[in-house]
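Shown next, in structure tokens, is the structure this report addresses.
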Amino acid sequence: MSENLEAKIWERLKGVSFPGMSRDVVSFGFVRSVTATDGVVRVDLRVPTHNPGAGEQIKTEVEAALRGLAPTVEVNLEVVAPQRPEQARQKAIARDPSLVPGVAHILAVASGKGGVGKSTVAANLAVTLGQLGHRTGLLDADIYGPSVPMMFGINERPRVIDNRLQPFQKFGIRVMSLGFVLDVDTPVIWRGPMVMKALEQMLGDVDWGELDFLVVDMPPGTGDAQLTLTQKVPLSGGVIVSTPQDVALIDARKGLAMFRKVNVPILGVVENMSTFVCPHCGEATDIFKRGGAVRTAETLGCRFLGRLPLDPEIVRGGDAGVPIVAADPHGPHAEAFRAIAIGALEELHAQAALRPRLTIV
């Protein structure tokens with residue numbers, strides 16, 4: 001195969017992206033080999049995904065991209081389900097195997113204070129991971145203000161089978177919240193031991209099944225609930241959500257410091273409500289100081305995962321029970337959440353939280 005033809009093949013392959021994402025099949029490492037002999041170009045693809053249709057779409061696009069380079073183009077496709085590292089799985093259940101025996105990795109979404117959109121980020125992050133092909137669950141662990149029932153439009157009580165709560169299946173993920181078992185207007189007035197017991201039950205008494213990721217919407221602050229979760233189950237990583245203004249970032253730094261004290265890897269910071277998008281003209285306006293979360297991430301030596309706007313569409317989606325990434329999976333907000341999800345998983349890899357490397361698809 002001439003170097004010139006080889007260079008053309010690889011260059012065209014870089015123009016083929018994974019469905020719904022901007023990253024190409026070459027940078028993902030999906031192309032195992034390329035050969036050209038006697039006028040026949042052969043490309044071997046190995047695509048780790050739980051969605052066979054995505055693999056077939058990639059094959060079709062590769063064939064189209066290489067058409068015309070040689071009389072014959074053959075694309076061999078192997079679709080494999082992403083394997084969860086056994087070593088990491090054992091680590092994930094080492095502290096209490098009875099709580100989450102089928103969950104490989106637990107990701108905590110936290111904030112130092114309430115009102116920064118933490119639950120919105122957690123819900124959309126979980127749905128995004130599901131859209132990327134991962135078996136994903138969402139646990140609403142915000143004891144004092146569970147909002148997931150409204151954000152997912154679920155008004156039912158969960159079923160109980162063999163004394164275990166069955167999570168709801170919606171938008172491709174499994175969902176559980178204390179709000180499913182409490183009356184909407186019932187205030188939670190509990191002391192520390194009751195909070196800790198409730199969280200243990202939400203982990204251990206729920207039939208999560210086999211999951212690649214369980215996203216936990218943490219309560220705001222750094223109290224008993226947060227310590228219970230970090231002590232009972234090892235968290236694979238934490239995502240800190242903040243708004244750009246200084247008063248929110250002060251509390252965000254406290255949440256980040258808490259994770260570090262209990263040896264939870266920090267995956268990065270998300271700046272929510274970064275700008276306000278006018279629903280009439282689409283113009284973006286900075287309501288708070290701009291770039292506060294970026295500077296905080298740089299100062300504390302962690303990754304900045306991305307910005308999310310204060311957009312009425314996101315608000316309406318949450319109130320209507322349809323997270324924005326499910327309502328508009330190809331829109332700009334979904335793209336922003338995909339970038340955040342991919343960045344968080346890349347940070348897991350960079351910190352060696354997953355061994356061997358987990359493919360980000």
Side-chain angles (χ1 to χ4, degrees), residues 1-89 102 104-105 126-136 169 171-173 209-213 325-326 329-331 334-335 337-346 348-350 354-361:
M1 178 172 61
S2 69
E3 293 183 1
N4 186 41
L5 179 56
E6 178 182 0
K8 287 182 179 180
I9 293 173
W10 284 102
E11 193 62 32
R12 291 197 182 185
L13 289 175
K14 290 178 182 178
V16 179
S17 301
F18 187 87
M21 299 174 63
S22 58
R23 193 170 172 183
D24 65 88
V25 295
V26 174
S27 63
F28 264 130
F30 294 164
V31 183
R32 304 190 73 181
S33 65
V34 174
T35 60
T37 307
D38 298 329
V40 179
V41 170
R42 292 184 177 88
V43 178
D44 290 330
L45 298 173
R46 188 174 188 271
V47 180
T49 177
H50 291 291
N51 180 7
E56 290 295 335
Q57 182 175 338
I58 290 174
K59 178 182 177 181
T60 300
E61 292 184 8
V62 167
E63 291 172 342
L66 300 183
R67 194 170 295 131
L69 287 182
T72 304
V73 174
E74 296 180 358
V75 179
N76 301 314
L77 171 68
E78 180 186 4
V79 176
V80 295
Q83 298 297 309
R84 293 175 298 159
E86 185 62 24
Q87 178 181 354
R89 184 180 186 277
H105 306 291
V127 175
T128 299
L129 287 171
Q131 291 173 338
L132 293 178
H134 298 295
R135 294 169 295 180
T136 306
Q169 298 267 358
F171 305 124
I173 66 172
E210 296 290 322
L211 293 179
D212 298 311
F213 295 102
V325 298
H330 303 294
E335 184 65 29
F337 275 107
R338 275 193 294 272
I340 289 170
I342 291 172
L345 295 183
E346 288 178 344
L348 274 174
H349 301 161
L354 302 179
R355 298 290 190 186
R357 184 178 174 90
L358 178 69
T359 304
I360 312 173
V361 291

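Source: prediction; values computed, not measured.
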Which pair of non-hydrogen atoms, one from [X] and one from [Y], has the smallest distance, and what is that distance?
| X | Y | value |
| --- | --- | --- |
| Val16 | Ile58 | CG1-O, 4.3 Å |
| Leu132 | Ala341 | CD1-CB, 4.3 Å |
| Ile173 | Ala126 | CG2-O, 3.5 Å |
| Ala326 | Val127 | CB-CG1, 4.4 Å |

Measure the [atom1]-[atom2] distance between [X] and [Y] for me, rounded to the nearest 0.5 Å.
| X | Y | atom1 | atom2 | result |
| --- | --- | --- | --- | --- |
| Asp212 | Arg135 | CG | CZ | 4.0 Å |
| Asp24 | Arg12 | CG | CZ | 15.5 Å |
| Leu129 | Leu345 | CG | CG | 6.0 Å |

Those residues at least two apart in sequence (or on a different chain) that pass side chain to side chain contact (heavy atoms under 4.5 Å, CB included) with Ala339 are none
Polar side-chain atom of Gln131 near backbone of Ala334 as donor-acceptor pair, under 3.5 Å
no
Decide, yes or no, whether a salt bridge links Arg338 with Glu335 under the criterion of side-chain N to carboxylate O below 4.0 Å.
yes
Only distances under 3.5 Å count here; give the side-chain donor-acceptor pairs of residues 60-77 to other protein atoms, sequence neighbours excluded, each with its distance to 0.1 Å.
{"from": "Thr60", "atom 1": "OG1", "to": "Glu56", "atom 2": "O", "distance (Å)": "3.0"}
{"from": "Glu61", "atom 1": "OE2", "to": "Gln57", "atom 2": "NE2", "distance (Å)": "3.2"}
{"from": "Glu74", "atom 1": "OE1", "to": "Arg42", "atom 2": "NE", "distance (Å)": "3.0"}
{"from": "Asn76", "atom 1": "ND2", "to": "Asp44", "atom 2": "OD1", "distance (Å)": "2.9"}

Tell me whether the rings of Phe213 and His105 are parallel (<30°), tilted (30 to 60°) or perpendicular (>60°).
tilted
May I ask you to test the Leu45-Val31 pair for a side-chain heavy-atom distance under 4.5 Å?
yes
Decide side-chain contact (heavy atoms from CB on, under 4.5 Å) for Val34 and Leu13; before the verdict, give the C-alpha distance in whole Å, the side-chain angles of both, and the deciding distance to 0.1 Å.
CA-CA 10 Å; Val34 174; Leu13 289 175; 4.0 Å; yes
